[in-house]
*Asks:* 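Mind looking over this structure? Questions follow.
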2 protein chains.
Amino acid sequence: MNKINRKLEYALIGLKHMRSKQPGELTTVKEIAATYGCPFEATSKVMQSLAAGGLVRSEQGAHGGYQLVRDLNRLPLYEVLEMVVGPVEIAKCLHQVDGGCELRGSCNVISPIENLNRKLIEFYRGLTVGELLEGRGFVAKPQSLELRDLAAHAGHELAAVE
Amino acid sequence: MNKINRKLEYALIGLKHMRSKQPGELTTVKEIAATYGCPFEATSKVMQSLAAGGLVRSEQGAHGGYQLVRDLNRLPLYEVLEMVVGPVEIAKCLHQVDGGCELRGSCNVISPIENLNRKLIEFYRGLTVGELLEGRGFVAKPQSLELRDLAAHAGHELAAVE
DNA sequence: TTTAATTACGACTAATTTGGTCGTAGTTAA
DNA sequence: TTAACTACGACCAAATTAGTCGTAATTAAA
Ligand code: SF4
Ligand code: SF4
């Protein structure tokens, strides 16, 4: 439940791998697939999406490969999501390319859903890939105490933070 | 892509419907299904999950039904999610009850994924159902979690602009 | 005490989405 | 020419999600 798309994982795996390369140094899909065990073709497609999105540059032919062309610290996760799985549209009635939802017209939560969609996009836009990749462990946020209170009030434990 | 679970929508539909009832007034699944066109059985199951989670109380038998027993303004969306689709675990390696992920061991993004998982949970915990349901159009400046919590602790309700 | 309206719930099927593979073509250095 | 790559559409397989069915339990009212 609540799983993210596998493509996003392959994208992050590749991005993290490429991040440690010298500028100009290329990375092949074969290399990524061999190093991390992810399926070649699937990973290849993901890299192609990233290339289409301008996040990486591809060089074809023998000794070809990919290289990062953007600063991951300034790259919102939302953009990666968009490149590999498309825009965040959490319900059928938002952008009804496929006919939309049959409940539309009687539905009472369209606005709330639009609301949530917008907030989620905000969330993903406010989170950089660099931040995600290097942040090991817990980052103390000014929100922590309040969250703790809220969670406690709701009768939940806070997840243990390493 | 990026769709949320349909169960969550049915939950929100039901919750929003019940919110306008008087205390003690019951709502039947039949009523919800008829009003909004959602499938009876599916909606029924969702309501049962909400009842199991203590969000609503059920009354059985003829003239039975459900009623809200918690203040939606203090209810993090995360709890509803948990009740209807289980805990937020965005990747297979986070809850290895089902064997986990085959990439584990060679994977270089486990920490980042754990990170994202935690941030998403924070996001859903910091968003109340009331907040979500109220805003029809745009909320110009979403009130910060800190302020909301201060208000809650001070015993004030959120301004329910309807 | 019967009936009708309701919740409760497990098992099942259908539909959709996701994940992964294959085949083939294009590009380029050696 | 060949080998090592990227590019990409079509396809198949697996997993998840969505919805249905059958049946039981509960309760108010006839
Ligand atoms: S919000 Fe209402 S109309 Fe839009 S998809 Fe969900 S149920 Fe259908
Ligand atoms: S983070 Fe790595 S190990 Fe965990 S599920 Fe994703 S790919 Fe598998």
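Protein chains get the first letters and strands the later ones, always in sequence-line order, with residue 1 at the start of each. Heavy-atom basis, side chains included; hydrogens, waters and symmetry copies ignored.
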*Asks:* Please report the distance, rounded to the nearest Å, between CD in B:Glu59 and P in D:dA29.
*Replies:* 12 Å
*Asks:* Any sub-3.5 Å donor-acceptor pair from A:Glu131's side-chain atoms to A:Thr128's backbone N or O?
*Replies:* yes
*Asks:* CZ of A:Arg6 versus C1' of C:dT21: gap in Å, rounded?
*Replies:* 16 Å
*Asks:* In whole angstrom, what separates B:Tyr66's OH from C:dT7's P?
*Replies:* 5 Å
*Asks:* Give the nucleotide from the list C:dA30, D:dT20, D:dC5 with an atom nearest to the side chain of B:Ala42.
*Replies:* D:dT20
*Asks:* In whole Å, what is the span from the CG atom of A:Asn5 to the P atom of C:dG20?
*Replies:* 10 Å
*Asks:* In whole angstroms, how far is the C1' atom of C:dG19 from the CD1 atom of A:Ile4?
*Replies:* 14 Å
*Asks:* Give a yes-or-no answer on whether the side chains of B:Ser44 and B:Gln48 include a donor-acceptor pair shorter than 3.5 Å.
*Replies:* yes
*Asks:* Treating B:Gln67 as the side-chain partner and B:Leu26 as the backbone partner, does any N or O pair qualify as donor plus acceptor under 3.5 Å?
*Replies:* no
*Asks:* Find the distance B:Gln60:CD to D:dA25:P and express it as a whole number of Å.
*Replies:* 11 Å
*Asks:* To the nearest Å, give me how far apart CD (B:Gln48) and P (D:dT26) are.
*Replies:* 14 Å
*Asks:* Side-chain N or O of A:Ser58 versus OP1/OP2 of D:dA7: is the shortest distance under 4.0 Å?
*Replies:* yes
*Asks:* With DNA chain D as reference, determine whether A:Ser44 or A:Asn2 sits nearer its 5' end, using the nearest nucleotide of each.
*Replies:* A:Ser44
*Asks:* Where each residue is assigned the nucleotide of DNA chain D containing its nearest heavy atom, which of A:Lys45 and A:Gly61 is assigned the position nearer the 5′ end?
*Replies:* A:Gly61
*Asks:* Between D:dC5, C:dT6, C:dT7, which one does the side chain of A:Thr28 approach most closely?
*Replies:* D:dC5
*Asks:* Give the nucleotide from the list D:dA3, C:dT6, C:dG20 with an atom nearest to the side chain of B:Lys30.
*Replies:* C:dT6
*Asks:* Rounded to whole Å, please give me the gap between NZ in B:Lys3 and C1' in C:dT18.
*Replies:* 13 Å
*Asks:* Compare the minimum distances between each of C:dT6, D:dT6, D:dT27 and the side chain of A:Val29, then state the nucleotide with the smallest one.
*Replies:* D:dT6
*Asks:* Kindly compute the distance separating CD (B:Glu9) from CG (A:Asn108), expressed to the nearest 0.5 Å.
*Replies:* 10.5 Å
*Asks:* Specify the residue among B:Ala51 and A:Pro39 whose closest nucleotide of DNA chain C lies further upstream toward the 5′ end.
*Replies:* B:Ala51
*Asks:* Determine: side-chain N/O of B:Tyr10 to OP1/OP2 of D:dA18, distance under 4.0 Å, yes or no.
*Replies:* no
*Asks:* Any idea how B:Phe123 and A:Phe123 line up, ring-wise: parallel (<30°), tilted (30 to 60°), or perpendicular (>60°)?
*Replies:* tilted
*Asks:* Distance check: side-chain N/O of B:Lys7 vs OP1/OP2 of D:dT17, anything under 4.0 Å?
*Replies:* no
